[in-house]
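Reading through the structure tokens given below for one structure.
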Number of protein chains: 2
Amino acid sequence: MLSRKAQYAFRALTLLVDKYDQGPVLISDIATKKKIPIKFLENILLGLRKADILESKKGKGGGYYIKDHPSKTTVAAIIRIVDGPIALLPCVSLNFYEKCKNCDQRNCGLHEIMESVRDATLGVLENRTLEDLRTGKETLAKKG
Amino acid sequence: MLSRKAQYAFRALTLLVDKYDQGPVLISDIATKKKIPIKFLENILLGLRKADILESKKGKGGGYYIKDHPSKTTVAAIIRIVDGPIALLPCVSLNFYEKCKNCDQRNCGLHEIMESVRDATLGVLENRTLEDLRTGKETLAKKG
DNA sequence: TTTCAACTCTAGTTTTTTAATTGACAAAAG
DNA sequence: CTTTTGTCAATTAAAAAACTAGAGTTGAAA
């Protein structure tokens, strides 16, 4: 399951996508409209900015906005930044790999299963972007 | 990510599959061979028994064993018993559904994405069984 | 029918992780 | 130079996960 933090992140990003190209949005506005604890949201947005997903401006007229075109940022990237690994086990994670103890990978049926799950999951998440979070597009056809 | 509890469960089940049709296996044997804290393992196995995956015998010569043929029990079923929902959000879970607050499902791009992830994941997990955990079968062709 | 070997079960405790908060700081605009 | 806004590190609080304790129950066999 995604953490609450990740869910907050997606809610915030949904708003930012809807306001894409309309200038910075205040953290406080996002927090109020999306009902997210403001200081927690600060941390989340900061993380996304450091990961080059968002940019920010300080002072009057400042706020956060999406850096690149929404279609350039995948949902997989967001999850990795906010929650970490997407795979179900560290030993099959592409970005957060850790060798598993007590399991000979060459002789572990679970390993192959979890690799398949990872690939199936990434097949979706790497092909969905912030663009797909836009509201008011519910009539669009679903992707493969 | 799967919890450590789920990983323990799979390690225990791997041993039980290898000993399928060879009579009950002691909890203490599983704990020792698979390096799992015994009291924790007790709880896990008990849960699997109550969910009709395992059966047990008390007294001398007792222990745990897999109830039905290993090919009858899916990996998805195990995860649900031990860890709960497989989906990334409660609002797209088939077995642990919960309505999401602050999100109109008809107008939520994330919802459709998470449904697709769920379907892709289940496409694998519902088609893998305890049989696939057997060790010493690494040369078998992978399933679709 | 007693004993012992196992699983059963509830209720804890401890540890770790997640969620949320605090408050001082830095930068940009006007 | 003052206000507005994001930055950041540290801390606390809450929740979940991991693990433990110990009495209870059942079954097999002596």
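In what follows, chains carry the letters A, B, and so on, assigned in the order in which the sequence lines appear, proteins first and then strands, with residues in each chain numbered from 1. What you see below is based on every heavy atom in this structure, not just the backbone, and it leaves out hydrogens, waters and symmetry mates.
- A donor-acceptor pair is defined here as one N or O able to donate and one able to accept, closer than 3.5 Å; no such pair exists between the side chain of B:Asp83 and the backbone of B:Leu2.
- Atom pair B:Met1:CE and D:dA17:C1' shows a separation of 14 Å (rounding to whole Å applied).
- We find the CG-CD1 distance between B:Leu48 and B:Ile78 to be 5.5 Å, quoted to the nearest 0.5 Å.
- Contact between the side-chain N/O atoms of B:Tyr64 and the OP1/OP2 oxygens of C:dA6 is not found at any separation under 4.0 Å.
- The side chain of B:Arg4 places no N or O atom within less than 4.0 Å of a non-bridging phosphate oxygen (OP1 or OP2) of C:dT16.
- Residues B:Lys58 and A:Ser28 both approach DNA chain D. Their nearest nucleotides, taken by heavy-atom distance, put A:Ser28 toward the 5′ side.
- A heavy-atom distance below 4.0 Å to DNA chain D is reached by these residues of residues 35-53 of chain B, ordered by number: B:Pro37, B:Lys39, B:Phe40, B:Asn43.
- The pair A:Glu112-A:Arg118 does not meet the salt-bridge criterion, since no charged nitrogen lies less than 4.0 angstrom from a carboxylate oxygen.
- In this structure, B:Leu125 and B:Thr74 have side chains that are not in contact, with every pair of non-hydrogen atoms separated by 4.5 Å or more.
- Residue order along DNA chain C, read from the 5' end via each residue's closest nucleotide, puts A:Ser3 first among A:Lys60 and A:Ser3.
- Ion pairing of B:Glu126 with B:Arg80 is present here, as a side-chain N (NZ or NE/NH1/NH2) and a carboxylate O approach within less than 4.0 Å.
- Here C:dA26 presents its C1' atom at 16 Å from NZ of A:Lys57, a figure rounded to the nearest Å.
- Remark on DNA chain C: of its neighbouring residues A:Lys5 and B:Ser56, the 5'-side contact belongs to B:Ser56, judged by nearest-heavy-atom nucleotide.
- In summary, B:Lys67 and B:Asp52 engage in a salt bridge, as defined by a charged side-chain N under 4.0 Å from a carboxylate O.
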